[in-house]
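Sequential numbering from 1 along the given sequence is applied to the chain's residues. Computed from a prediction, not measured in an experiment: that's the story for all the values here. Each ligand, and each atom within it, is numbered from 1 in the order the structure gives.
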Amino acid sequence: MFIAHLPAGYILTTTLQKKLKTNKYLLLGLIASILPDVDLFYFFLVDNRQYLHHGYWSHIPFYWLLIAVVTLIVAWLAKKKEYMFASVIFFSNIFLHLILDTIVGRIEWLYPFTNKAFYLFSVPNVYGFWVYNFAFHWTFLFEVGLIAWAGYILFKEREEG
Ligand SMILES: [Zn+2]
């Protein structure tokens with residue numbers, strides 16, 4: 001997934017907030033929705049593009065699961081509703097990112113048991129420029145759909161004031 005992580009995070013966070021009857025965590029949810037992609041900076045700036053983007057730890061569910069379990073236990077022990085809400089919103093968005101990346105990306109869902117990467121659709125290399133391969137593939141309609149959906153919620157929220 002390329003450009004729809006943020007709109008998808010917006011949809012998930014506003015939906016969760018409605019359920020939790022709060023509106024304090026939108027920014028946190030949006031940050032979490034794109035956080036696993038910090039490894040892109042690494043990929044381009046530090047490692048000189050030597051490793052495939054999704055092989056970094058921030059795209060491996062196992063590590064996030066560990067962090068999530070520890071955080072949720074701490075939040076639970078602290079008996080603070082805000083910590084719990086914040087953790088739920090944060091990690092829901094992280095895992096949404098990984099799920100969306102599984103559509104055409106490769107995510108190692110069963111790491112550390114196997115390094116096998118999972119994906120739903122394989123995008124063929126048709127154009128020389130890799131961004132075009134994804135942007136002109138039919139799965140890009142998912143992204144367009146998510147953007148339209150987020151736009152609709154945004155529009156409705158503004159109308160409701
Ligand atoms: Zn990603």
- [ ] Examine His5 and say whether one of its N/O/S atoms is closer to the Zn ion (ligand 1) than 2.8 Å.
- [x]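 Short answer: no, not a single N, O or S atom is under the cut-off.
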Open item on the list: At less than 2.8 Å, would any N/O/S atom of Asp39, backbone or side chain, sit next to the Zn ion (ligand 1)?
Closed with: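 Checking the Zn ion (ligand 1) against Asp39, no N, O or S atom falls under 2.8 Å.
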Task: Phe134-Phe140 aromatic ring centre distance below 6.0 Å - done: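 No: the rings miss the under 6.0 Å criterion.
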Task: Check: Ile107 and Pro61 side chains under 4.5 Å, non-hydrogen atoms - done: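 Yes, at least one pair of side-chain atoms sits under 4.5 Å.
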Which single N/O/S atom of [X] lies at minimum distance from the Zn ion (ligand 1)?
X: Asp101; result: OD2
X: His59; result: NE2
X: Asp37; result: OD1

Can you give the donor-acceptor pairs under 3.5 Å from side chains of residues 70-80 to other protein atoms, not counting sequence neighbours?
| unit_1 | atom_1 | unit_2 | atom_2 | d |
| --- | --- | --- | --- | --- |
| Thr71 | OG1 | Ile67 | O | 2.6 |

Task: Any side-chain donor near an acceptor of the partner, His97 and Asp37, under 3.5 Å - done: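 Side chains of His97 and Asp37: pair found under 3.5 Å.
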- [ ] With sequence neighbours excluded, tell me which residues meet side chain to side chain donor-acceptor pair (under 3.5 Å) with Asn23.
- [x]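 Expected list: none.
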